[in-house]
Amino acid sequence: MADLNPRIEISFLETFICSAFAACFAELCTVPLDTAKVRLQLQRKIPTGDGDNLPKYRGSLGTLSTIAREEGISGLWKGVIAGLHRQCIYGGLRIGLYEPVKTFLVGSDFIGDIPLYQKILAALLTGAIAIIVANPTDLVKVRLQSEGKLPAGVPRRYAGAVDAYFTIVKMEGVSALWTGLGPNIARNAIVNAAELASYDQIKETIMKIPGFGDSVLTHLLAGLAAGFFAVCIGSPVDVVKSRMMGDSTYRNTIDCFIKTMKTEGIMAFYKGFLPNFTRLGTWNVVMFLTLEQVKKVFLREVLLD
């Protein structure tokens with residue numbers, strides 16, 4: 001007898017494709033904001049003759065205008081190719097693995113709402129696994145974004161993303177591609193948990209409110225909340241990760257953390273908070289809205305089978 005209530009499913013490969021596409025689209029839309037965030041995070045106090053400190057980059061809009069003025073509009077899109085490499089691998093894996101890992105943790109026979117702590121654990125695991133694979137792309141992206149305007153006659157370290165991969169391996173060894181892996185695992189596992197678990201939980205909660213459903217407004221609200229939680233929780237490890245990847249003088253994660261705390265204080269770990277939230281909030285809204293819409297294409301195909 002045929003099943004009158006077929007289960008709506010989407011395979012891991014289909015989810016990976018949807019996630020990679022959505023993440024890459026969101027990346028394209030928000031690269032300038034990410035470049036501004038990285039420049040602010042890497043910025044150190046610059047001593048002037050009168051004893052004051054004059055930062056080159058000030059705020060999100062100030063940083064964006066400074067980069068555009070000094071380096072041209074294209075300067076805002078530095079690292080975009082490496083960013084797309086990263087999102088294709090990292091975005092596809094962390095989101096594609098989330099549902100299978102979540103199901104594995106609670107069991108395939110589980111019925112009802114999955115507990116929040118199980119969602120958080122699943123997102124922590126998938127974020128860590130995904131960034132271990134994608135760390136080289138993250139390293140190259142940060143290296144390219146961190147280069148500002150160079151003096152006349154001074155060549156750039158890398159001609160582009162592909163050149164950066166080969167140059168890093170040639171000059172620093174293959175293991176250098178995994179520089180900053182420790183804080184990167186911490187950062188991405190935490191941020192992934194803040195994003196996916198909060199989006200999952202908030203979307204589930206909103207859909208129970210009369211008048212709301214699985215709609216664009218629900219996805220928008222849940223995406224904004226996911227971005228806010230991700231920035232609040234992940235900023236300190238994000239700063240350490242960016243500094244370790246952009247500056248090879250740090251011996252390890254602890255060394256970077258201690259030196260930053262000692263020389264600049266606790267607020268240094270929240271440098272670039274506003275551009276980070278602007279970027280992650282926008283990124284999450286674009287990514288989740290795109291993901292939900294793209295998934296419907298595959299879901300419709302399953303229903304028609």
Side-chain angles (χ1 to χ4, degrees), residues 19-21 23-43 57 63 67 71-95 127-150 154-189 191-192 234 237-253 256 272 275-276 279-280 283 287:
S19 304
F21 176 83
C24 286
F25 182 70
E27 187 75 8
L28 279 172
C29 294
T30 60
V31 165
L33 295 172
D34 192 49
T35 300
K37 178 207 74 171
V38 169
R39 294 290 180 88
L40 286 167
Q41 288 179 335
L42 293 176
Q43 180 170 253
Y57 302 115
T63 302
I67 295 171
E71 304 166 45
I73 295 298
S74 62
L76 296 171
W77 299 87
K78 283 183 178 177
V80 64
I81 300 301
L84 293 176
H85 293 167
R86 178 187 186 275
Q87 292 303 339
C88 188
I89 298 170
Y90 175 69
L93 284 175
R94 76 181 180 106
I95 301 170
I129 293 168
I131 201 58
I132 288 172
V133 178
N135 197 81
T137 62
D138 212 6
L139 174 73
V140 169
K141 177 187 172 187
V142 171
R143 291 272 183 101
L144 292 172
Q145 286 180 322
S146 65
E147 272 196 340
K149 184 179 180 181
L150 299 174
V154 178
R156 296 197 174 279
R157 285 190 295 177
Y158 314 113
V162 175
D163 177 62
Y165 291 120
F166 285 105
T167 302
I168 291 170
V169 171
K170 182 179 178 180
M171 303 298 293
E172 304 173 49
V174 174
S175 62
L177 291 172
W178 278 267
T179 297
L181 181 61
N184 215 11
I185 288 175
R187 184 260 181 192
N188 284 281
V191 169
N192 195 50
V237 286
D238 192 39
V239 169
V240 171
K241 182 267 296 185
S242 291
R243 291 198 169 189
M244 283 193 68
M245 289 183 166
D247 188 344
S248 59
T249 59
Y250 297 113
R251 294 193 303 272
N252 51 49
T253 305
C256 181
N276 202 5
R279 192 258 175 177
L280 264 184
W283 193 95
M287 195 281 289

- How long is the span from the SG atom in C24 to the CD1 atom in I89, to the nearest 0.5 Å? 9.5 Å
- Task: Would you give the length of the straight line joining atom CG of N252 to atom OG1 of T179, rounded to the nearest 0.5 angstrom?
- Result: 12.0 Å
Test item: [X] and [Y] side chains (from C-beta on) under 4.5 Å apart, heavy atoms:
X    : Y    : result
L93  : I129 : no
L144 : Y158 : yes
N135 : Y90  : no
M287 : I95  : yes
L28  : Q87  : no
E27  : K141 : yes
I168 : L177 : yes

Heavy atoms only: give me the nearest [X]-[Y] pair and the separation to one decimal.
X    : Y    : result
L139 : A176 : CD2-O, 3.1 Å
S19  : G91  : CB-O, 3.6 Å
A161 : A82  : CB-N, 4.0 Å
Y250 : C256 : CD2-CA, 3.5 Å

- Item | Side-chain donor or acceptor of W178 paired with backbone N/O of I132 under 3.5 Å | yes
- Query: Side-chain donor-acceptor pair under 3.5 Å between Y165 and H85, yes or no?
  - Reply: yes
- Task: Mind running side-chain contact (heavy atoms from CB on, under 4.5 Å) on I67 and Y57 for me, showing each step along the way?
- Result: CA-CA 9 Å; I67 295 171; Y57 302 115; 4.1 Å; yes
- Query: So does E71 pair up with R39, basic N to acidic O under 4.0 Å?
  - Reply: yes
- Task: With side-chain contact (heavy atoms from CB on, under 4.5 Å) as the test, would you mind laying out the steps for R86 and I131 before giving the verdict?
- Result: CA-CA 9 Å; R86 178 187 186 275; I131 201 58; 4.1 Å; yes
- Task: Dump the intermediate steps for salt bridge (charged side-chain N to carboxylate O under 4.0 Å, His left out) on R143 and E172, then the final yes or no.
- Result: CA-CA 14 Å; R143 291 272 183 101; E172 304 173 49; 3.2 Å; yes
- Message: Between N192 and N188, does the side-chain hydrogen bond (donor to acceptor under 3.5 Å, both in side chains) criterion hold? Intermediate values first, please.
- Response: CA-CA 6 Å; N192 195 50; N188 284 281; over 6 Å; no
